[in-house]
Amino acid sequence: MTVIIGISCCRKQFDGDDELAHAASDTYVRAVTDFIGGIPVLIPARGGAGDIERLLRLVDGLILTGSLSNVGPGYYGGPPHPPETPEDCERDGMTLPLIRAAVAAGKPLLGICRGLQELNVALGGSLHQRLHDLPSRLDHSHPLAKLEELRHAKAHSVHPVQGGWLAGISQGQAMIVNSYHNQGIDRLAPGMTVEGYASDGTVEAVRLPGESFAVGLQWHPEYDMEVNPQSRLIFETFGDVVRDAGRRTRQAERSH
Ligand SMILES: N[C@@H](CCC(=O)NCCCC(=O)O)C(=O)O
């Protein structure tokens, strides 16, 4: 069964345009077509765009993408960002309710970087806005490196929690991952479990246990999926989960 995967967009201003565009990196599209074997559908960053449940019925799973923008602190009771901090309130207005609806509907979702942060906030958790200000934390942001250098950079280790989903991906071994974020999980959302930590204690992977598959990763497996077997396996495993969920949904629809 060919699955349809919704990919969250950001609002972006491209050179020469006076209007904002809705965009997602080609890496997410390739992850869907080349490693999940699905059809990618871009979901615009437009809060209040209408019937979220109707939108969810059009896709078999969701990928919540990374972004230089940050989740609005108002959604988790945090202090306002400093003025120069990038935000995307329209993206928040779409993804946060979409995550809650997907979890309620048992629609599989994979959150990456900002997507992990959205997953945690949507389900009632909070964020640290400047991880590198916390004592004994690594600098997860790599402010001086250009993105293309980051894509194959190995920034730090991630230690999977024994017996978890991530431990199955890494066969229980520590993973060496890229890193390109300033923010991170502070208060874990109720019911969420940690799947992996960085060596400085930063939460790097989370999962909402239960029927539906809801996983968040703070690093970017799409950066090196063509050359990193673990990154490839993350997307292949997600694809299997989405296909299984899609088959169950169609069987349920046929039996009604
Ligand atoms: N802005 C948040 C999330 C960081 C993030 O998603 N980084 C990836 C940005 C580049 C890309 O789109 O791949 C934070 O700083 O924590």
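Atoms within each ligand, like the ligands themselves, are counted from 1 in listed order.
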Counting from 1 in the order shown, the ligand 1 atoms closer than 4.0 Å to a non-hydrogen atom of Ser69 are 1 (N), 2 (C)
Gly66 neighbourhood, listing ligand 1 atoms whose heavy-atom distance to it stays under 4.0 Å: 6 (O), 12 (O)
Count the heavy atoms of every other residue, nucleotide or ligand shown that sit under 6.0 Å from CZ of Arg46, and state whether that count exceeds 12. no
Measure the distance from [atom] to every protein heavy atom, then report the residue, atom name and distance (to 0.1 Å) of the closest one.
{"atom": "atom 16 (O) of ligand 1", "answer": "Gln183 N, 2.8 Å"}
{"atom": "atom 7 (N) of ligand 1", "answer": "Tyr180 O, 2.8 Å"}
{"atom": "atom 2 (C) of ligand 1", "answer": "Asn70 OD1, 3.3 Å"}
{"atom": "atom 13 (O) of ligand 1", "answer": "Tyr223 OH, 2.6 Å"}

Check: His156 ring centre within less than 6.0 Å of His140 ring centre: yes
Heavy atom to atom 14 (C) of ligand 1, shortest distance: which of Ile112, Thr85, Asn182 holds it? Asn182
Applying side-chain hydrogen bond (donor to acceptor under 3.5 Å, both in side chains), run through Ser69 and Arg114 and close with a yes or a no. CA-CA 8 Å; Ser69 72; Arg114 193 195 208 264; 3.0 Å; yes
Correct closest heavy-atom pair for Leu56 and Ala105 would be CD1-CB, 4.5 Å
Which atom pair, heavy atoms only, marks the closest approach of Arg243 to Ile36? NH1-O, 2.8 Å
Is the shortest side-chain heavy-atom distance between Ser199 and Leu138 below 4.5 Å? yes
Heavy-atom contact under 4.0 Å between Glu222 and ligand 1? no
Below 4.0 Å from any atom of ligand 1, is there a heavy atom belonging to Ser67? yes
Could you walk me through whether Leu62 and Ile43 pass the side-chain contact (heavy atoms from CB on, under 4.5 Å) test, one step at a time? CA-CA 9 Å; Leu62 292 170; Ile43 297 176; 3.6 Å; yes
Polar contacts were defined as any N/O atom of the residue lying under 3.5 Å from an N/O atom of the ligand; does this apply to Arg114 and ligand 1? yes
Would you say Tyr28 has any N or O atom under 3.5 Å from an N or O of ligand 1, going by distance alone? no
Give me the ring orientation class for Trp165 and Phe213: parallel if the planes are under 30° apart, tilted from 30 to 60°, perpendicular past 60°. perpendicular
